[in-house]
Asks: 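Just dropping this structure here.
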Amino acid sequence: DAGVIQSPRHEVTEMGQEVTLRCKPISGHDYLFWYRQTMMRGLELLIYFNNNVPIDDSGMPEDRFSAKMPNASFSTLKIQPSEPRDSAVYFCASSLSSGQRTGELFFGEGSRLTVL
Amino acid sequence: AQKITQTQPGMFVQEKEAVTLDCTYDTSDPSYGLFWYKQPSSGEMIFLIYQGSYDQQNATEGRYSLNFQKARKSANLVISASQLGDSAMYFCAMRERSRPSFGNEKLTFGTGTRLTIIP
């Protein structure tokens with residue numbers, strides 16, 4: 001079975017450029033999460049969706065960040081304009097609202113972003 | 001306030017010994033779940049073990065067990081007979097269902113413990 005699929009795996013860009021990260025969750029999962037991981041801050045939740053609807057975006061650092069989930073099988077995280085401090089690994093994860101281990105997150109492999 | 005606290009930034013353990021990674025949590029919600037994830041140097045997040053707040057017994061998954069002490073709000077991960085491949089970052093995480101909002105399914109992670117197994 002396919003897991004959570006993220007693209008690109010690596011992105012190097014220059015300050016001021018737009019960055020779009022993509023995620024395909026596991027089919028049938030009704031929650032989708034975007035996390036950011038840095039050495040300084042660890043794993044931070046940026047935003048999460050339930051049935052394609054944003055539930056909590058309080059972790060989005062500022063207006064330069066936006067996320068969408070137009071359908072159950074696709075989500076994007078956009079940074080515009082990007083800054084060097086946005087350099088991090090961005091993880092997408094999905095989960096089911098029911099089941100034996102409710103809330104277990106299935107992570108993608110991450111997108112490593114470097115902003116020069 | 002920190003909801004998940006992992007007080008050991010790094011640990012060194014001899015191969016084949018058992019190791020305990022500490023995790024304490026803070027919640028007033030009676031319904032919650034506790035998770036441990038492993039992150040090897042390759043970067044992926046690997047689920048290890050889960051404990052529900054109403055589970056009567058401590059969770060076990062192969063060499064992993066969770067020492068759940070509800071009154072003390074601790075959920076320590078125990079790895080028996082450690083192996084070189086256990087060297088990684090380990091994260092404790094908690095899911096709460098806070099009222100009155102419905103479906104608060106987000107996981108909050110601790111800062112992690114870097115475990116190094118010495119041959």
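Per chain, numbering begins at 1; letters A, B, ... match sequence-line order. Here the structure is a predicted model, which is why all the values come from computation and not from measurement.
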Asks: Are A:F74 and A:F49 linked, directly or through other ILVMFWY residues, by side chains that come within less than 4.5 angstrom of each other?
Replies: no

Asks: Applying side chain to side chain contact (heavy atoms under 4.5 Å, CB included) to A:E104 and B:Y50, what does each step give before you reach the verdict?
Replies: CA-CA 8 Å; A:E104 176 187 347; B:Y50 166 82; over 6 Å; no

Asks: Please classify the contact between A:Q37 and chain B as side chain, backbone, both or neither, with a heavy-atom cut-off of under 4.5 Å.
Replies: side chain

Asks: Please report the shortest heavy-atom distance between A:Y35 and B:L107, naming the atom on each side.
Replies: OH-O, 2.6 Å

Asks: Quick check: are there more than 12 heavy atoms from other residues, nucleotides or ligands sitting under 6.0 Å from CZ of B:R114?
Replies: no

Asks: Once ring pair (Phe, Tyr, Trp, His ring centres under 6.0 Å) is applied, what residue pairs with a partner in residues 53-92 of chain B remain, sequence neighbours excluded?
Replies: none

Asks: Does the side chain of A:L43 reach to within under 4.5 Å of the side chain of B:Y37, using non-hydrogen atoms?
Replies: no

Asks: Say whether A:L46 and A:Y48 are linked into one hydrophobic cluster, either directly or through other cluster members, by side-chain heavy-atom distances under 4.5 angstrom.
Replies: no

Asks: Evaluate whether atom NZ of B:K70 has more than 12 neighbouring non-hydrogen atoms of other residues, nucleotides or ligands under 6.0 angstrom away.
Replies: yes

Asks: Hey, what do you get for CD (B:Q39) to CZ (A:F107), rounding to the nearest 0.5 Å?
Replies: 8.5 Å

